[in-house]
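Inspection log for the structure reproduced underneath, given as structure tokens.
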Amino acid sequence: MTDNYTVTPWEVKGNIDYDKLIKEFGVSKIDEALQKRIMKHTGEMHRFLRRNIFFAHRDMKFILDEYEKGNKFFLYTGRAPSGNTHLGHLVPWIFTKWLQDKFDVELWFQFPDEEKFLFKENMTFDDVDKYLYENMLDVIALGFDPKKTHFIIDTKHAGLMYREACKVAKRITFSTTRSAFGFTNENNIGSIFYTAMQAVPAFLPSIIRKKKMPCLIPHAIDQDPHFRVSRDVIPKIGFYKPASIQCRFLPGLGGMSEDGKMSSSSGDSATIFTTDNAKTVKNKINKYAFSGGQATIEEHRKIGGNPDVDVSYQWLTFFEEDDAKLVDIYRKYKSGEILSGELKKILIDKLNAFLESHQIKREEARKNVDDFIYREGK
Ligand code: TRP
């Protein structure tokens, strides 16, 4: 293939062509009609929908049909602990929180603590345990309701999950996983089995609640191969085929052409973590955020900047709620009225305001972790 991008559950890089990805993956574009239909229930359209950051789906119509008949769905998403949380990770979770509030539904949040242990050569379970805790704090800090939110940790809830994972695994051949994930004879057998574990929370709540319930999975588009495979299997074992809704990646600071997903493996400096302090955020943006500005101030005033490639502007499309403000910034940057340093400053202030309050909630979350972890009767 001549594409200069890769999107798999293990690797995301390059200049991603999302329209092409829709066709390759076989997901459907979220069109205006669907946006409106969602809005009928939510009363407002989240900025991630308005700006096509959540851009694709599978079976959203089924979810809404059932919801309109009074058959509520549950939400399912997850995070494989493998490092500290960065801002890109928050994107699907922020949207999931909004869906939970607007539809008043339960969320099952999986922490597959075996996933990165199996897939990453040097990852130990001790490392994973540390990140698991840190990652849980970030999820809680976003404000999920503990009564309606249940954390599933694969090795801790193995007794609940393993039997269900076997039901899935029995119906997936090596040949299927090979074509969905590109596995070869060199992959370890744990990684080949793993997709069965990621399938389980899409129907486990139906078992726990003793009632067949529709499932909606908000996730970044790279996770789709897992659900493409499990969607074929889950109806065969007696549950609804899970629906899903997919988002794009927050571009890396270094520019979208180099790093589609904000990858923490490309060095900590090019990534903003939820625990970074105001000074670090300022330094990182000033130093690393790819600029669409001109080489000199004179030239910039004359020709103007290019917001479409400017990472600070792209980030504002994720984090600035106000459409009018965003349009104004776009226009002023393009005309040369705003300089790159000024644009960066707008982003720095926006991120630091968000992080200041996130970090307070994150500290408070330490007291509440146990309230979120699923236990019988919860
Ligand atoms: N595989 C995901 C990761 O690498 C974690 C995950 C588990 C997940 N279940 C999910 C992500 C459901 C989205 C939706 O982080």
Side-chain angles (χ1 to χ4, degrees), residues 6-12 25 27 48 54 56-59 63 73-97 99-100 106-120 123 127-128 131-132 134-136 138-139 142 144 149-158 160-161 164-165 168 177 180-181 190-205 215-231 234 242-250 260-265 271 274 374:
T6 310
V7 178
T8 71
W10 345 115
E11 188 185 28
V12 176
F25 279 18
V27 293
F48 291 167
F54 269 81
H57 74 102
R58 293 180 186 271
D59 282 343
I63 289 293
F73 59 92
F74 66 88
L75 292 160
Y76 159 39
T77 195
R79 155 81 175 151
S82 59
N84 289 314
T85 310
H86 57 61
L87 292 179
H89 294 132
L90 300 183
V91 171
W93 308 345
I94 289 170
F95 190 66
T96 301
K97 158 81 168 97
L99 290 172
Q100 176 176 74
E106 286 199 318
L107 164 64
W108 295 76
F109 198 113
Q110 180 181 33
F111 291 93
D113 54 341
E114 82 284 42
E115 181 181 350
K116 295 298 155 78
F117 170 78
L118 291 169
F119 281 92
K120 290 196 168 190
M123 188 69 65
D127 296 334
V128 170
Y131 295 131
L132 165 66
E134 295 296 321
N135 295 167
M136 287 194 296
D138 286 298
V139 174
L142 293 177
F144 290 102
T149 305
H150 314 286
F151 291 176
I152 297 280
I153 302 162
D154 287 12
T155 68
K156 293 193 177 50
H157 294 100
L160 199 57
M161 295 184 76
E164 307 312 322
V168 175
T177 55
F181 301 106
S191 58
I192 295 160
F193 182 80
Y194 170 72
T195 193
M197 291 298 280
Q198 188 157 324
V200 172
F203 60 93
L204 186 66
C215 167
L216 173 61
I217 312 168
H219 65 85
I221 185 74
D222 63 320
Q223 295 298 309
D224 182 67
H226 283 298
F227 301 120
R228 207 184 304 151
V229 170
S230 53
R231 274 165 52 86
I234 291 171
S244 55
I245 184 162
Q246 287 90 18
C247 66
R248 299 167 194 265
F249 301 104
L250 179 69
K261 190 177 185 173
M262 187 168 166
S263 171
S264 27
S265 55
T271 304
T274 57
Y374 175 74

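We count ligands from 1, going down the list as the structure has it; atoms in each ligand are counted the same way. The basis for the numbers below is simple: all heavy atoms, side chains too, and nothing from hydrogens, waters or symmetry mates. Here the structure is a predicted model, which is why all the values come from computation and not from measurement.
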Item to complete: Ignoring hydrogens and angles, state whether a donor on the side chain of Q223 or Q198 is under 3.5 Å from an acceptor on the partner side chain.
Response: yes

Fill in: Proximity of H157 and F151 rings by center, below 6.0 Å
no

Does ligand 1 have any N/O atom under 3.5 Å from a protein N/O, and what are those pairs and their distances?
unit_1, atom_1, unit_2, atom_2, d
ligand 1, 1 (N), E115, OE1, 2.7
ligand 1, 1 (N), E115, OE2, 3.3
ligand 1, 1 (N), Q198, OE1, 2.9
ligand 1, 1 (N), Q223, OE1, 2.8
ligand 1, 4 (O), E115, OE2, 3.4
ligand 1, 4 (O), K116, NZ, 3.4
ligand 1, 9 (N), Y76, OH, 2.9
ligand 1, 9 (N), Q110, OE1, 2.9
ligand 1, 15 (O), A80, N, 3.0

Discussion item. Could you tell me if H57 and Q246 have a donor-acceptor pair between their side chains, going purely by distance under 3.5 Å?
Written reply: no

Worksheet item: Would you call K116 and D127 a salt bridge, taking side-chain N to carboxylate O under 4.0 Å as the test?
Response: no

Worksheet, complete the sentence: For V91 and C247 the tightest heavy-atom approach is CG1-SG, 4.2 Å

Worksheet item: Distance under 6.0 Å and angle within 45° of the ring axis: does R79 meet both against F111?
Response: no

